[in-house]
There are 2 protein chains.
Amino acid sequence: MYAVLCPCRDVLDVLAGKWSALVIGALESGPQRFGVVQKRLEGVSPKVLTRTLRRLEEYGFVTCTVFPAVPARVEYELTDLGRGAAGPLAQLREWVEGHVDLMRR
Amino acid sequence: MYAVLCPCRDVLDVLAGKWSALVIGALESGPQRFGVVQKRLEGVSPKVLTRTLRRLEEYGFVTCTVFPAVPARVEYELTDLGRGAAGPLAQLREWVEGHVDLMRR
DNA sequence: CAGTATCCAAAAGGATACTG
DNA sequence: CAGTATCCTTTTGGATACTG
């Protein structure tokens, strides 16, 4: 974990954005369209969401499928890597929800 | 998780830095001095480490204890909240180490 | 619908030197 | 030892308008 060459560092770097973990959480329930993800995240601009999704895709957490239609239907889905990250993130979420009293902010 | 008012967002925001999760990992084994944490993290500058620690402290993930001596001995330790976050982070680390082949970078 | 383009402000990161 | 101070670059985030 502490070693510079540990792959965990890369995973953490990608998860480090303000929205990355939230996007993974939003996709936990299955493939979602761009607009749906944006709505579920409450407050993310299209530009930032696009950048976040592209990076998650680049690192292999998410896949993007374009269904040829007019207008295009684009769905984002977790990969195995994405689901692997989603587990611990869900656990963190559950733990926090059960210990809100510990939060200082 | 998706709601703006969910405390998970705050937790994720703090964990969002490049070094935050790493610092929590470094403190998992018990209280550590500033210099030790810096060495274990490999590559963090004192300024950035200080900022990271201050923020973790501010949000209640870490405590800072100064032992009066010359030179001062300063130890950082996880709080209950910090340990609560450390669990899922350790799980993520273990999962990643067992599935390095999935990593694209 | 699913983005891109543009502009800007703020935050984060990093190197190095210095101090009680 | 445990930071601060300084300077600078890169990244991130956000608002808004526009397009195939």
Side-chain angles (χ1 to χ4, degrees), chain A residues 2 4 8-27 30-59 61-77 105, chain B residues 2 4 8-27 30-59 61-77 105:
Chain A
Y2 318 113
V4 177
C8 304
R9 288 231 179 173
D10 302 285
V11 172
L12 288 176
D13 275 350
V14 180
L15 265 34
K18 178 173 181 179
W19 301 103
S20 303
L22 261 8
V23 167
I24 290 178
L27 296 178
Q32 305 286 334
R33 303 183 61 163
F34 184 91
V36 175
V37 175
Q38 189 179 11
K39 269 185 184 50
R40 299 187 69 176
L41 262 42
E42 295 185 63
V44 67
S45 73
K47 191 195 77 174
V48 172
L49 179 57
T50 299
R51 191 176 53 203
T52 303
L53 283 167
R54 294 275 176 275
R55 201 151 112 228
L56 289 174
E57 198 185 346
E58 187 185 11
Y59 281 74
F61 286 80
V62 159
T63 57
C64 175
T65 310
V66 181
F67 297 93
V70 180
R73 173 190 183 85
V74 182
E75 286 195 345
Y76 293 90
E77 187 173 11
R105 298 212 165 182
Chain B
Y2 318 114
V4 176
C8 304
R9 289 229 180 173
D10 302 285
V11 172
L12 288 176
D13 275 349
V14 180
L15 266 34
K18 178 173 180 177
W19 301 102
S20 305
L22 261 9
V23 167
I24 290 178
L27 296 178
Q32 305 285 335
R33 302 183 62 163
F34 185 90
V36 175
V37 175
Q38 190 180 9
K39 269 185 183 49
R40 297 186 70 176
L41 262 43
E42 294 185 63
V44 66
S45 75
K47 190 196 77 172
V48 172
L49 180 56
T50 299
R51 190 176 53 202
T52 303
L53 285 166
R54 295 273 177 275
R55 204 154 110 224
L56 289 174
E57 198 186 345
E58 188 186 12
Y59 281 74
F61 286 79
V62 159
T63 58
C64 175
T65 309
V66 181
F67 296 94
V70 179
R73 173 190 182 84
V74 182
E75 286 194 347
Y76 294 89
E77 187 175 11
R105 297 212 165 182

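Letters go in sequence order (proteins before strands), and every chain restarts at 1. Excluded from the calculations below are hydrogen atoms, water molecules and symmetry mates; all remaining heavy atoms, backbone and side chain alike, are included.
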Peer 1: Can you give me the closest heavy-atom contact between A:D13 and B:K18, atom names plus distance?
Peer 2: OD1-CG, 3.7 Å
Peer 1: Shortest non-hydrogen contact from A:A16 to B:G17?
Peer 2: CB-O, 4.1 Å
Peer 1: Whole angstroms only, please: what is the CG-C1' distance between A:L15 and D:dT11?
Peer 2: 17 Å
Peer 1: Write down the distance between CG (A:L53) and C1' (C:dC1), rounded to a whole number of angstrom.
Peer 2: 14 Å
Peer 1: Regarding A:R54 and A:E57, does a basic nitrogen lie under 4.0 Å from an acidic carboxylate oxygen?
Peer 2: yes
Peer 1: Atom CZ of B:R51 and atom CD of B:E58: how far apart are they, to the nearest 0.5 Å?
Peer 2: 12.5 Å
Peer 1: Kindly say whether B:Y2 contributes a backbone atom to a donor-acceptor pair with the side chain of B:R9 at under 3.5 angstrom?
Peer 2: yes
Peer 1: Take the protein atom CG of B:L49 and the nucleotide atom P of D:dA2, then report the distance between them rounded to whole Å.
Peer 2: 11 Å
Peer 1: What is the separation between atom CD on B:Q38 and atom P on D:dT4, rounded to the nearest whole Å?
Peer 2: 13 Å
Peer 1: Hey, is the side chain of B:Y76 poking within less than 4.0 Å of OP1 or OP2 on D:dC1, counting only N and O atoms?
Peer 2: no
Peer 1: Between B:R33 and D:dA2, is there a contact of a side-chain N or O with OP1 or OP2 at under 4.0 Å?
Peer 2: yes
Peer 1: Roughly, in whole Å, what's the span from CD in B:E75 to P in D:dG3?
Peer 2: 12 Å
Peer 1: Quick one: does A:Y76's side chain get under 4.5 Å of A:L27's, heavy atoms only?
Peer 2: yes
Peer 1: Please enumerate all protein N or O atoms sitting under 3.5 Å from an N or O of nucleotides 12-16 of chain C, with distances to 0.1 Å.
Peer 2:
unit_1	atom_1	unit_2	atom_2	d
C:dA12	OP1	B:R55	NH1	3.0
C:dG13	OP1	B:K18	N	2.6
C:dG13	O6	B:K47	NZ	3.3
C:dG14	OP1	B:K18	NZ	2.7
C:dG14	OP2	B:W19	NE1	3.2
C:dG14	N7	B:K47	NZ	3.4
C:dG14	O6	B:K47	NZ	2.1

Peer 1: Let me have DNA chain D in dot-bracket notation, would you? Count Watson-Crick plus G-U wobble pairs, both distances under 3.5 Å, and use [ ] for pairs crossing earlier ones and | for inter-strand partners.
Peer 2: ||||||||||||||||||||
Peer 1: For A:R54 and C:dT4, is the shortest distance between a side-chain N/O and OP1 or OP2 below 4.0 Å?
Peer 2: yes
Peer 1: Between B:S20 and B:L56, what is the shortest heavy-atom contact and its length?
Peer 2: O-CD1, 4.1 Å
Peer 1: Could you report the tightest heavy-atom contact between B:E75 and B:P31, atom names first, then the distance?
Peer 2: OE1-CB, 3.6 Å
